[in-house]
Amino acid sequence: MGLTKQYLRYVASAVFGVIGSQKGNIVFVTLRGEKGRYVAVPACEHVFIWDLRKGEKILILQGLKQEVTCLCPSPDGLHLAVGYEDGSIRIFSLLSGEGNVTFNGHKAAITTLKYDQLGGRLASGSKDTDVIVWDVINESGLYRLKGHKDAITQALFLREKNLLVTSGKDTMVKWWDLDTQHCFKTMVGHRTEVWGLVLVSEEKRLITGASDSELRVWDIAYLQEIEDLEEPDPKKIKGSSPGIQDTLEAEDGTFEMDEAPEDRILSCRKAGSIMREGRDRVVNLAVEKTGRILACHGTDSVLELFCILSKEEIKKKMDKKMKKARKKAKLHSCKGEEEDPEVNVEMSLQDEIQRVTNIKTSAKIKSFDLIHSPQGELKAVFLLQNNLVELYSLNPSLPTPQPVRTSRITIGGHRSDVRTLSFSSDNIAVLSAAADSIKIWNRSTLQCIRTMTCEYALCSFFVPGDRQVVIGTKTGKLQLYDLASGNLLETIDAHDGALWSMSLSPDQRGFVTGGADKSVKFWDFELVKDENSTQKRLSVKQTRTLQLDEDVLCVSYSPNQKLLAVSLLDCTVKIFYVDTLKFFLSLYGHKLPVICMDISYDGALIATGSADRNVKIWGLDFGDCHKSLFAHDDSVMYLQFVPKSHLFFTAGKDHKIKQWDADKFEHIQTLEGHHQEIWCLAVSPSGDYVVSSSHDKSLRLWERTREPLILEEEREMEREAEYEESVAKEDQPAVPGETQGDSYFTGKKTIETVKAAERIMEAIELYREETAKMKEHKAICKAAGKEVPLPTNPILMAYGSISPSAYVLEIFKGIRSSELEESLLVLPFSYVPDILKLFNEFIQLGSDVELICRCLFFLLRIHFGQITSNQMLVPVIEKLRETTISKVSQVRDVIGFNMAGLDYLKRECEAKSEVMFFADATSHLEEKKRKRKKREKLILTLT
């Protein structure tokens, strides 16, 4: 089939205009050895790393399609774990910016991510109510913890003990013993969702935040376990006398039940509450690394800071109180009494946890992060609701600490949604305007080159010559700006209602505006004398008015400037002659008002997009409807023809941009990327670029490539994508001993795991074929009495003429560690006997013992019944048992030896520690310089 008509593909080129999106959280990251300077923020599907000092974006961690919902830096500062809307987790290296590890296990958005103290394990909580603990080093899932009945809000590892504590929207706080992977304690003392929890005071205290204005404080007592030799596996508790109650009374009179008294690892008692100033729910509750400063915020713009005092500070405080009380008592007691009266001072929770101050930000807080610098300064960074990042610093040790805003990132985006976009005539500058500002961007560098304050903008265009821009506002004003100086030249009251639409006349001498006051006004550009200078400046004057019966939503000139199309609130489009303003045609057929329209370059077609989700293509000669297309799943918000063609783009509230052919009425391609409704788009005069804006605060640039697009192939790709999505949604294979829908394994079936299983199956089939060929070849050689050349399989040749069994091993090595179990789970049992025989070979050779044992034990676990009942496999299993035990102990010995060697080297290095490392030497030098400067300052002040 020949190419009947060639279309060119548009691809996503860049995301800009977004500083930080709302769904995820902001975190400090360590880059180039500096702490407290760089922050990672979610930006739609990507993660941006911003330099707070310079206000520049220095790194983008590229996402795929799904929005980022959670970030967590690793304890060593080298990696960043990123959770996504679809439940996947990726771990990025902050040095290279690449995501090497992917975990798929959750079915819904990730809500919390936390590393343990060493950074070897990662706990993830999700909206699907599960908590999964992942092994980061082995890149695999360890176990899934089920028990919560609603979305998880927080999960924390304990430092000293192998325990995990989680909170959820089901009002529960659960304690998990990770050795046995079961929940040994559920705290039911909350009436509402638990939105956050932190561990403080060396993990002896738990503080929880719920939907009211109190932070509940719980005392944790760890009960010592003693091994009792008489019983097989008891956990007896020191002093487990009747004195320790088996049911602890929670705050509101409900009883807290433990599963059995002997299963108790710790006890939790409510110590009291700290009152917040905010009346609404706790959104985020966090404590900085040293555990001294506790911070929380609600749905407003205030962050409340509390200081958790150490034991020494509390003791000092109590001594002071005691002294005061004694003095008081002495004064009150009768003069005649000689001995000291008895004094008793109670220590309250308010003495231990003190309010420090509040930080008031410029807008509602979405998330925050704290860091304590070595100089005793506390830095707090905020991601705000209006696409803004702010950094505050304060010194909490002062009596009245004053927070100071040290930096903010504002240039890179608007505070509100962008409602209008325009390209300059040279395709280089892009104008975006929102409720409070206009920004001019350089299309190639994506840098913001001008920011000008304006009223609520609805429409805009560059004046011919690209030196000025005109904005139409919600209050009906026209605002004229000069780009070189960034000044507002003039504001004209054009309409009484909103100025919905403007169209530049093809002769470029004027323009037309349409507004909610039911009128269309014609304007001409003119040069007027400027009062402030000798030169003339640009201005506009009104020439004519066309009064109509309905509000005007959209206006458009035909390219020959003979006709003017006007879309009205009565769902019709009226066409008038420009010269006489006489009525020419009425285009009716839409069920809801036409929001957007455009006329093609030759004036033959007009395309209209409506809130009824349809696009209609009309002939402009007779006003006949050529075709009605069901374009989007929600209102069509914007429509524009590609210059010099009959192709046009539409943008919808369904988050999609689509390209159509107005001659063939074909849907050409869909541009997906935005995560919220799209408000507007602009096609560059050359047709090479499209820029779009959305409610997700992002602007996206799409670029036309030279790659031809064939419609049949495009439809085929869409069908394949649909199939791949449906594969992941199919039922999981059944595992003996497990109830349906109750998956113990941490993985989840994805198209990748299915493909990996298919690769294993193909490798085993190739191995079977090749071994059969080998047997045949031997028989032929025997019969012929000489060596006959054996034809080599091309696949094995591609791998460097390896043996079939080595090829199978290569395939196993090629599967991602995080997808290994899941791909073995979907493997049919008919392949397992061959795999077990091959595993025996591999282990005997000592190749990849760890990987092979992991696969082997997993296969034995899921196919236990079938393997044990199969007589043929008994000798294989016997051999496997012998070889596995000996080889694993060998590997263990090697690792033990290496560990001992490393320990020895470490001790040697420590012995030579008088030789300083470079980094230590430089920091030492800097410290000396700092001290010298301080001394000099002191001398100066004294003199």
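All figures in this text were calculated on a predicted structure; none of them were measured in a lab.
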Quiz prompt | Polar side chain donor-acceptor pair, Ser437 to His414, under 3.5 angstrom | solution = yes
Quiz item: Can you name the residues that form a ring pair (Phe, Tyr, Trp, His ring centres under 6.0 Å) with His674, not counting sequence neighbours?
Solution: none
Exercise. Return yes if some donor-acceptor pair links the side-chain N/O of Thr153 with the main-chain N/O of Lys169 below 3.5 Å, else return no.
Key: no
Self-check item: Residues forming a side chain to side chain contact (heavy atoms under 4.5 Å, CB included) with Val136, sequence neighbours excluded
Solution: Ile91, Tyr115, Leu122
Quiz prompt | Cation-aromatic face contact Lys161/Tyr222, 6.0 Å, 45 degrees | solution = yes
Quiz prompt | Charged N-O contact under 4.0 Å between Asp219 and Arg205 | solution = yes
Quiz item: Hey, are the side chains of Glu677 and Ser694 touching, using non-hydrogen atoms and a 4.5 Å cut-off?
Solution: no
Exercise. Using modelled atom types only, decide if a donor and an acceptor are shared between the side chain of Asn395 and the backbone of Ser397 within a distance under 3.5 Å.
Key: yes
Quiz item: Within a strict 4.5 Å, meaning less than it, do heavy atoms of the Glu455 and Lys474 side chains meet?
Solution: no
Practice problem: List the steps, then state whether side-chain hydrogen bond (donor to acceptor under 3.5 Å, both in side chains) holds for Glu203 with Ser201. | Solution: CA-CA 5 Å; Glu203 305 193 334; Ser201 313; over 6 Å; no
Quiz item: Given side chains that start at C-beta, do those of Leu294 and Leu215 come closer than 4.5 Å, heavy atoms only?
Solution: yes
Quiz item: With a 6.0 Å cut-off on ring centres, are Phe92 and His79 close enough?
Solution: no
Practice problem: Please report the C-alpha distance between Asp696 and His675 in whole Å, then the side-chain angles of each, then the deciding distance to 0.1 Å, and finally whether the side-chain hydrogen bond (donor to acceptor under 3.5 Å, both in side chains) criterion is met. | Solution: CA-CA 6 Å; Asp696 62 17; His675 300 289; 5.2 Å; no
Quiz item: Going through the distances and angles, do Ser213 and Arg279 end up as a side-chain hydrogen bond (donor to acceptor under 3.5 Å, both in side chains)?
Solution: CA-CA 5 Å; Ser213 54; Arg279 286 272 150 285; 3.3 Å; yes
Practice problem: Could you walk me through whether Thr361 and Glu390 pass side-chain hydrogen bond (donor to acceptor under 3.5 Å, both in side chains), step by step? | Solution: CA-CA 8 Å; Thr361 56; Glu390 288 188 341; 5.0 Å; no
Quiz item: Quick one: salt bridge (charged side-chain N to carboxylate O under 4.0 Å, His left out) partners of Arg53, sequence neighbours excluded?
Solution: Glu34
Quiz item: Which residues pass the salt bridge (charged side-chain N to carboxylate O under 4.0 Å, His left out) test with Lys366, sequence neighbours left out?
Solution: none
Practice problem: Apply side chain to side chain contact (heavy atoms under 4.5 Å, CB included) to Lys35 and list each qualifying residue two or more places apart in sequence or on a separate chain. | Solution: Thr30, Ile371
Exercise. Spell out, as yes or no, whether a donor-acceptor pair under 3.5 Å connects the side chain of Thr420 to the backbone of Ala433.
Key: no
Quiz item: Are side-chain heavy atoms of Ile293 and Phe306 found at a separation under 4.5 Å?
Solution: no
Quiz prompt | Any donor-acceptor pair under 3.5 Å from Thr111 side chain to Ile152 backbone | solution = yes
Practice problem: Measure the shortest side-chain to side-chain distance between Ile274 and Glu214 over non-hydrogen atoms and say whether it is less than 4.5 angstrom. | Solution: no
Quiz item: Is the backbone N or O of Ala434 less than 3.5 Å from a side-chain atom of Arg415, with the two atoms forming a donor-acceptor pair by type?
Solution: no
Quiz item: For Phe16, which residues count as a ring pair (Phe, Tyr, Trp, His ring centres under 6.0 Å) partner, sequence neighbours excluded?
Solution: Trp441
Quiz prompt | Where Tyr481 and Met452 come nearest, the two heavy atoms and their spacing | solution = CD2-SD, 3.9 Å
